[in-house]
Amino acid sequence: MSDELQNLRNNIDRLDEEILARLAERARSAQRIGVIKQGNLYRPEREAQVLRRLAAANPGPLPDQAVQRIFREIMSACLALEHPTKVAYLGPAGTFSESAARKHFGGAAALMPTAAIDDVFRAVEAGNADYGVVPVENSTEGAVGGALDLLLANPLKICGEVNLRIHQHLLSKAEGIGAAKRLYSHAQSLAQCHEWLNRNLAHLSRVPVASNAEAARMASEDPESCAIAGEAAAELYGLNVLAANIEDDPNNTTRFVVIGDHDAGPSGEDKTSLVCSSLNRPGAMHALLEPLARHGVDMTKLQSRPARGGLWEYVFYVDIDGHREDANVSAALQELNERAAFVKILGSYPVAAI
Ligand SMILES: O=C(O)C(=O)C[C@]1(C(=O)O)C=C[C@@H](O)C=C1
């Protein structure tokens, strides 16, 4: 081994020991904070502030995202010393919901798969999980209506958001596509790869199944088939990646929200989600949203859903910039409340840091 290589490795060994000693010191501080805080130990606003501060202070050469992922894991491990966070998600193992839960809560969280989205809400409400992660919209396929309806019907609050880039892969137990007769996937994933499939595999019959992890499981038992699913499912079921990143939109992204029995405190860069309905008279919708513009509050999403129980009646899902405790947001929400037939604040939470 050259002297230079040996010296560099010695240097890395010394640095690793320093990092380890500092990590232990950090973990002891987090433990002491746990004793002072009591009650809810997970603080999404504080985690977002830590991640943003470190990205801003990052001297390189590691990219900001890499630094944030490392510190996400450090905070996940520190939090688990106090209390391992239990997080319910739409299963089975290997779904994109699992990847979103991991991305947000890190490797030390205990993840609980559920059979359906409403079971995620039930697990959190019953106290079987501390938090839940549910998909609410996809950049190609639009809103996940069932999740929006459950947010309206449920007392739980949104305390975070996760944006996950969705990469779809063509997977099979076989080495090539030649012998494949069937293609399994979730309907959303089939839709996200529609053009690629028409160009490359138009002859294969497409079989929609309950989730893309389930599709991967079925393909693992049937070498005459293939599946469309993500990397986590490919690894879990030992499948070959026959074609990678086959989603039609190169920016294909799903937005998930984190639900719990409380929302988050202000972090300095927040969003607030609410559901409202306007009075049934001309101009009512404009009047309802006008206080937002007047108080300088940006609306980042407006989505309508049919209201349960009234034909051709709608509720509106609104996302705005800012925390409900910010002075301008609070003033705007108070006026909106006076003008609306119905308002429910779903929660204020930090804008996704990673
Ligand atoms: O600052 C706190 O309140 C902590 O508990 C420490 C800490 C961290 O490791 O930085 C851990 C968990 C919380 O979710 C936020 C931050």
Side-chain angles (χ1 to χ4, degrees), residues 16-59 62-89 97-112 120 123-124 127-134 156-164 255-273 323-326 346-354:
D16 284 349
E17 274 160 37
E18 266 177 43
I19 293 170
L20 188 60
R22 293 305 182 96
L23 280 178
E25 199 180 327
R26 187 190 195 285
R28 282 193 295 272
S29 291
Q31 270 180 317
R32 282 202 295 276
I33 290 178
V35 175
I36 298 167
K37 266 194 316 203
Q38 296 170 339
N40 278 321
L41 299 173
Y42 170 60
R43 293 296 154 89
E45 65 280 11
R46 171 67 184 157
E47 295 202 359
Q49 286 167 340
V50 169
L51 296 178
R52 286 178 202 143
R53 193 177 68 79
L54 291 167
N58 177 22
L62 290 176
D64 290 354
Q65 279 237 341
V67 170
Q68 290 180 318
R69 277 200 298 268
I70 292 167
F71 277 86
R72 163 69 78 218
E73 284 304 322
I74 293 174
M75 289 191 286
S76 175
C78 287
L79 184 62
L81 282 177
E82 306 173 41
H83 163 79
T85 312
K86 273 200 254 163
V87 183
Y89 70 94
S97 291
E98 183 189 39
S99 301
R102 256 313 154 227
K103 181 177 179 193
H104 193 77
F105 285 97
L111 302 190
M112 286 176 42
V120 176
V124 181
N128 297 330
D130 301 308
Y131 299 96
V133 172
V134 290
L156 296 172
K157 296 282 179 198
I158 300 178
C159 64
E161 65 168 359
V162 193
N163 293 317
L164 190 75
R255 180 169 176 260
F256 297 80
V257 293
V258 182
I259 49 170
D261 62 7
H262 57 94
D263 63 354
S267 75
E269 206 186 316
D270 302 290
K271 268 187 192 173
T272 298
S273 295
H323 193 280
R324 61 183 166 75
E325 290 176 13
D326 295 347
L346 298 175
S348 291
Y349 50 91
V351 171
I354 307 185

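Both ligands and their constituent atoms are indexed starting at 1 by order of listing. Every heavy atom of this structure was used, including side-chain atoms; hydrogens, water molecules and symmetry mates were not. Bear in mind the structure is a predicted one, so any value in this text is a computation, not a measurement.
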Option with minimal heavy-atom separation from atom 8 (C) of ligand 1, where the choices are Glu47, Arg26, Glu45: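 Result: the heavy atom closest to atom 8 (C) of ligand 1 is in Arg26.
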If hydrogens are left out, which of Arg46, His83, Arg72, Arg43 has an atom nearest to atom 16 (C) of ligand 1, that is, the closest non-hydrogen atom?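 Minimum heavy-atom distance to atom 16 (C) of ligand 1 goes to Arg46.
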Taking atom 4 (C) of ligand 1 as the reference point, the nearest protein heavy atom with its distance: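 Nearest protein contact, heavy atoms only, for atom 4 (C) of ligand 1 is Lys37 NZ, 3.5 Å.
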Which of the atoms of ligand 1 are close to Cys78, meaning less than 4.0 Å from one of its heavy atoms?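 Near Cys78, meaning under 4.0 Å from one of its heavy atoms, ligand 1 has 9 (O).
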Element-labelled atoms of ligand 1 that are located less than 4.0 Å from some non-hydrogen atom of Met75: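 In order of number, 8 (C), 9 (O), 10 (O).
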N/O of Tyr42 under 3.5 Å from N/O of ligand 1, yes or no? no
State, without any angle test, whether Ser273 and Tyr349 hold a side-chain donor-acceptor pair at a distance under 3.5 Å. yes
Could you check whether Ser267 and Arg52, counting side-chain N and O atoms only, form a donor-acceptor pair closer than 3.5 Å?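 Indeed, the side chains of Arg52 and Ser267 share at least one donor-acceptor pair under 3.5 Å.
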So, [X] side chain and [Y] main chain: donor-acceptor pair closer than 3.5 Å or not?
X: Asp16; Y: Leu20; answer: no
X: Gln65; Y: Ile354; answer: no
X: Gln68; Y: Leu51; answer: yes

Under 4.0 Å from ligand 1, counting heavy atoms only, is it the side chain of Ile74, its backbone, both or neither? neither
For the pair Phe105 and Tyr42, name the ring-plane relationship: parallel under 30°, tilted 30 to 60°, perpendicular over 60°.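 The arrangement is tilted - the two ring planes meet at 30° to 60°.
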